[in-house]
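Structure first, commentary second.
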Amino acid sequence: QVYLVESGGGLVQAGGSLRLSCAASGRTFSTYAMGWFRQAPGKEREFVAAITWHLGNTYYADSVKGRFTISRDNAKNTAYLQMNSLKPEDTAVYYCAATRGTKFLASSVVGDLREYDYWGQGTQVTVSS
């Protein structure tokens, strides 16, 4: 079992920045592909960004490309989501997700919730206009 704990959410004005963190349990964090998803009220959970474990390839939803950056620090068992130029439409609960160890995450499925085996509880991000 892998436990994920998100932090760093909060209230920010449009144009501002936040950095979310996702701390993971376990000794094999370096073998997990990591993803960030978000869910706004009344909407389905949607893909935001992902980073693979092997080559560190990164993928982004079109809506956040150029504004958000996903990264990972394997020494700290932590993944990050740097969010810049935030917009009111970025308001949502942000969830961290991980695949089981050494799972190959193809680019065609990085945005599929079913590919991820572990989920955090989420952190609220609110962007005011």
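Bear in mind the structure is a predicted one, so any value in this text is a computation, not a measurement.
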Handout entry: Main-chain N/O of K76 paired with T78 side-chain donor or acceptor, under 3.5 Å
Key = yes
Practice task
Count the heavy atoms of every other residue, nucleotide or ligand shown that sit under 6.0 Å from CD of E89, and state whether that count exceeds 12.
Solution key: yes
Practice task
Find the distance between CD (E6) and CD (Q124) and round it off to the nearest 0.5 Å.
Solution key: 12.0 Å
Problem - Heavy-atom side-chain proximity of Q82 to S17 below 4.5 angstrom - result: yes
Fill in the blank from the handout: OG of S63 to NZ of K87, rounded to nearest 0.5 Å, is 8.0 Å
Problem - T91 side-chain N/O to T126 backbone N/O, donor-acceptor pair under 3.5 Å - result: no
Exercise for the section: Specify whether F47 and F37 have parallel, tilted or perpendicular ring planes, treating 30° as the upper limit for parallel and 60° as the lower limit for perpendicular. Expected result: perpendicular
Handout entry: Side-chain donor or acceptor of Q13 paired with backbone N/O of S128 under 3.5 Å
Key = no
Problem - Non-hydrogen atoms of V93 and G122 that approach each other most closely - result: CG1-CA, 3.8 Å
Practice task
Give a yes/no verdict on a cation-pi contact between R45 and W119, requiring under 6.0 Å between NZ or CZ and the six-membered ring centre and an angle within 45° of the axis.
Solution key: yes
Problem - Any donor-acceptor pair under 3.5 Å from E46 side chain to R38 backbone - result: no
Exercise for the section: Decide side chain to side chain contact (heavy atoms under 4.5 Å, CB included) for W53 and R72; before the verdict, give the C-alpha distance in whole Å, the side-chain angles of both, and the deciding distance to 0.1 Å. Expected result: CA-CA 9 Å; W53 70 271; R72 63 191 301 156; 4.1 Å; yes
Exercise for the section: Sequence neighbours left out, what passes side chain to side chain donor-acceptor pair (under 3.5 Å) with D117? Give chain and number order. Expected result: none
Handout entry: Heavy-atom closest pair, residues A14 and S129
Key = CB-CA, 4.4 Å
Exercise for the section: Quick one: do S107 and Y59 satisfy side chain to side chain contact (heavy atoms under 4.5 Å, CB included)? Show the steps, please. Expected result: CA-CA 8 Å; S107 58; Y59 304 90; 3.5 Å; yes
Exercise for the section: Supply the atom-to-atom distance T99 OG1 to F104 CZ, rounded to the nearest 0.5 angstrom. Expected result: 11.5 Å
Fill in the blank from the handout: Rounded to the nearest 0.5 angstrom, the NE2-OG distance for H54 and S30 is 12.0 Å
Handout entry: Heavy-atom donor-acceptor pair, T102 side chain to T31 backbone, under 3.5 Å
Key = no
Exercise for the section: Assess whether atom NZ of K43 is packed by more than 12 heavy atoms of other residues, nucleotides or ligands within 6.0 Å. Expected result: no
Exercise for the section: Return yes if some donor-acceptor pair links the side-chain N/O of R67 with the main-chain N/O of S85 below 3.5 Å, else return no. Expected result: yes
Practice task
Keeping the roles fixed (side chain from N77, backbone from G26), state whether a donor-acceptor pair exists under 3.5 Å.
Solution key: yes
Practice task
Taking K103 for its side chain and E115 for its backbone only, find out whether a donor-acceptor pair lies under 3.5 Å.
Solution key: yes
Problem - Other cluster members, L4 - Ile/Leu/Val/Met/Phe/Trp/Tyr, side-chain contacts below 4.5 Å - result: V2, V12, L18, L20, F29, Y32, M34, W36, V48, I51, Y60, V64, F68, I70, L81, M83, L86, Y94, Y118, V125, V127
Handout entry: Heavy-atom side-chain proximity of Y95 to T123 below 4.5 angstrom
Key = no
Exercise for the section: Could you grab the distance from atom OG1 of T69 to atom CZ of R19, nearest 0.5 Å is fine? Expected result: 11.5 Å
